[in-house]
2 protein chains.
Amino acid sequence: MRISEGVEWAVHLCGVLGVVRDGYSLTAGRLAEFHDLPSDYLAKHLQALSRAGILTANRGVSGGYRLAKPARSITLLDITLAIEGSEPAFRCTEIRRQGPCAATPAACKHICAIAQAFMLAETQWRKALASVTVADIIRTAASESFDRARRQAFQDWLNNAVK
Amino acid sequence: MRISEGVEWAVHLCGVLGVVRDGYSLTAGRLAEFHDLPSDYLAKHLQALSRAGILTANRGVSGGYRLAKPARSITLLDITLAIEGSEPAFRCTEIRRQGPCAATPAACKHICAIAQAFMLAETQWRKALASVTVADIIRTAASESFDRARRQAFQDWLNNAVK
DNA sequence: ATTAACACGGATGATATCTATCCGCAATGC
DNA sequence: GCATTGCGGATAGATATCATCCGTGTTAAT
Ligand code: FES
Ligand code: FES
């Protein structure tokens, strides 16, 4: 069980887009450059975020990506589901219906206890992710891992990259 | 992100082993038969459960598997970690250290905000799974999907299969 | 109108993980 | 000895993830 690293990429880059001034955007190439990621593959993830309504894409020369809504309205859950898909991690394959003591279809009206327990756990997981927004990430990262020099370097890069 | 179906198998079969009388056991072949699973592959999972201290294995003619501890002391989390391994689903690959505005090693002393949020979510997930035991599963399943006929069929099969 | 820059999506391949099977070995009880 | 069973390594196929390439359509500047 592992979460695709595209999720990490997406969260980081939503964080970057979250500090771009309104009306400006960044291209896929620039976003890839920022964390030295494979830009073609990253583009796939950005498309997924766009389809999910998290980013807005603009084509053409001077096109690029921007957040589709305020950073405080985008949760880590939104991003995770956009990249990974929304199917639950645990899938009940109904093996209780197989074998010599198979449960009758009538006995399988409601979800089995095992699937229920795993679903509940997954709900807790989702709740936790839904309670953290991109704005939270930006705030924490800014105060914890941006010293004066890095902040300056970041601003310089951004001013040059933004369109 | 998906949980291996071996986890489902393991939970079901721990449930079966949970109602075997003390001192008796079931072979891998019998356990596979119970839900019509590929026995060689299932054996791999049973070995993992054995290594994790959830099952006790006995070799030889009259050997087989039994629970290593009472059903009420085995949680769904125990089983899941035994099958899937205990590494977290989200893995921070430290991409903040890559690219033109890379964070300095000094700024990366503590875990980044993103990884922290995902770890917290995973902790919630684990807590939920740790709060459900095999005994709980047995109790719920018995009351919800075992009518009189199936209970009888189950007992008959068990009496014949147990050693 | 032409052109350059860009996002989009399909096609394809590489790599890793999951699923499944097989076989030799070790342990156990008869 | 001998049959039965679990253990672990080796292997192979199926599926998912990671990555790249290229043709298309869109946009804005010239
Ligand atoms: S029947 Fe196996 S988890 Fe539902
Ligand atoms: S640096 Fe990316 S999640 Fe920690």
Side-chain angles (χ1 to χ4, degrees), chain A residues 1-10 13 17 23-33 35-66 68 80 82-85 87 89-91 93 95 161-163, chain B residues 1-10 13 17 23-33 35-66 68 80 82-85 87 89-91 93 95 161-163:
Chain A
M1 187 187 52
R2 98 187 278 163
I3 294 174
S4 134
E5 62 182 331
V7 173
E8 182 188 353
W9 299 359
L13 296 178
L17 287 171
Y24 291 83
S25 46
L26 287 171
T27 68
R30 285 296 196 177
L31 287 168
E33 172 195 337
H35 283 307
D36 196 16
L37 302 172
S39 76
D40 283 328
Y41 184 36
L42 173 63
K44 285 275 184 273
H45 293 317
L46 295 173
Q47 288 166 30
L49 292 170
S50 171
R51 277 194 299 273
I54 294 169
L55 301 185
T56 298
N58 285 301
R59 302 209 215 192
V61 61
S62 98
Y65 292 96
R66 66 188 62 177
T80 304
I83 302 292
E84 294 262 313
E87 286 173 31
F90 182 90
R91 332 226 167 142
T93 60
I95 62 176
V162 90
K163 282 201 313 189
Chain B
M1 187 187 52
R2 102 186 272 163
I3 293 174
S4 134
E5 63 181 330
V7 172
E8 181 189 353
W9 299 359
L13 296 177
L17 287 171
Y24 291 83
S25 47
L26 287 170
T27 68
R30 286 296 196 177
L31 287 168
E33 172 195 338
H35 283 308
D36 196 17
L37 301 172
S39 76
D40 282 330
Y41 185 37
L42 173 63
K44 285 275 186 271
H45 293 318
L46 295 174
Q47 288 166 31
L49 293 170
S50 171
R51 277 192 299 270
I54 294 169
L55 301 185
T56 298
N58 285 300
R59 304 204 214 194
V61 61
S62 97
Y65 291 96
R66 66 189 61 179
T80 304
I83 302 292
E84 295 261 314
E87 286 173 32
F90 181 90
R91 330 220 169 147
T93 60
I95 63 175
V162 90
K163 282 199 311 190

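These numbers come from a predicted model, not from an experiment. Throughout, protein chains are lettered first and strands after them, A, B, ... in sequence-line order, and every chain is numbered starting at 1.
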When the nearest nucleotide of DNA chain C is assigned to Pro38(B) and to Leu26(A) on a heavy-atom basis, which residue is associated with the more 5' position? Leu26(A)
Restricting to non-hydrogen atoms, name the atom on Glu84(A) and the atom on Val7(A) that form the minimum distance, rounded to 0.1 Å. CG-CG2, 3.6 Å
Give the rounded distance in Å between these two atoms: NZ of Lys44(B) and P of dC22(C). 12 Å
Check ring pair (Phe, Tyr, Trp, His ring centres under 6.0 Å) between Tyr41(B) and all other residues, then give those that pass, not counting sequence neighbours. Trp9(B), His45(B)
Where does the chain B footprint on DNA chain D start and end, counting 5' to 3' with a 4.0 Å heavy-atom cut-off? dT4(D) to dT17(D)
Can you tell me how far apart CD1 (Ile54(A)) and CD1 (Ile83(A)) are? Round to the nearest 0.5 Å. 7.5 Å
Pairing residues for Thr93(B) by the side-chain contact (heavy atoms from CB on, under 4.5 Å) criterion, not counting sequence neighbours: Glu5(A), Glu8(A), Ile95(B)
Within the 4.0 Å heavy-atom criterion, would you say Ala43(A) contacts the bases, only the backbone, or no part of the nucleic acid? nothing
Using a heavy-atom distance cut-off of less than 4.0 Å, which residues of residues 47-55 of chain B contact DNA chain C? none
Rounded to the nearest 0.5 Å, how far does CG of Leu46(B) lie from OH of Tyr65(B)? 5.0 Å
Ala82(B) versus Leu49(B), closest heavy-atom pair with distance: CB-CD2, 3.9 Å
Between Leu42(B) (CG) and dC22(C) (P), how many Å, whole number? 15 Å
Would you kindly give the CG-to-P distance between Leu17(A) and dA7(C), to the nearest whole Å? 11 Å
To the nearest Å, give me how far apart CZ (Arg66(A)) and P (dC6(C)) are. 14 Å
How would you label the contact of Gly64(B) with the nucleic acid (heavy atoms, under 4.0 Å): base, sugar-phosphate, or nothing? sugar-phosphate
Thr56(A) vs Ile3(B), nearer the 5' end of DNA chain C by closest nucleotide: Thr56(A)
What is the distance from OH of Tyr65(A) to C1' of dA5(C), rounded to the nearest Å? 14 Å
How close do Arg66(B) and Gly23(B) get, counting heavy atoms only, and between which atoms? NH2-O, 3.5 Å
Would you say the side chain of Leu17(B) lies within less than 4.5 Å of the side chain of Leu31(B), judging by non-hydrogen atoms? yes
Distance-minimising heavy-atom pair for Gly53(A) and Ala68(A): O-CB, 3.3 Å
Could you give the distance from NZ (Lys44(A)) to CD (Gln47(A)), rounded to the nearest 0.5 Å? 5.0 Å
Sort me out a list of protein N/O and nucleotides 12-18 of chain C N/O pairs below 3.5 Å, or just none if empty.
residue : atom : partner : partner atom : Å
dT17(C) : OP1  : Arg2(A) : NH1          : 2.9

Run the numbers on Leu42(A) and Leu13(A) for side chain to side chain contact (heavy atoms under 4.5 Å, CB included), then give the verdict. CA-CA 10 Å; Leu42(A) 173 63; Leu13(A) 296 178; 3.6 Å; yes
Minimum heavy-atom distance Ala57(A)-Ser50(A), with the two atoms named: CB-OG, 3.9 Å
Please list, pair by pair, any protein nitrogen or oxygen found under 3.5 Å from a nitrogen or oxygen in nucleotides 27-30 of chain C.
residue : atom : partner  : partner atom : Å
dT28(C) : O2   : Val61(B) : N            : 3.2

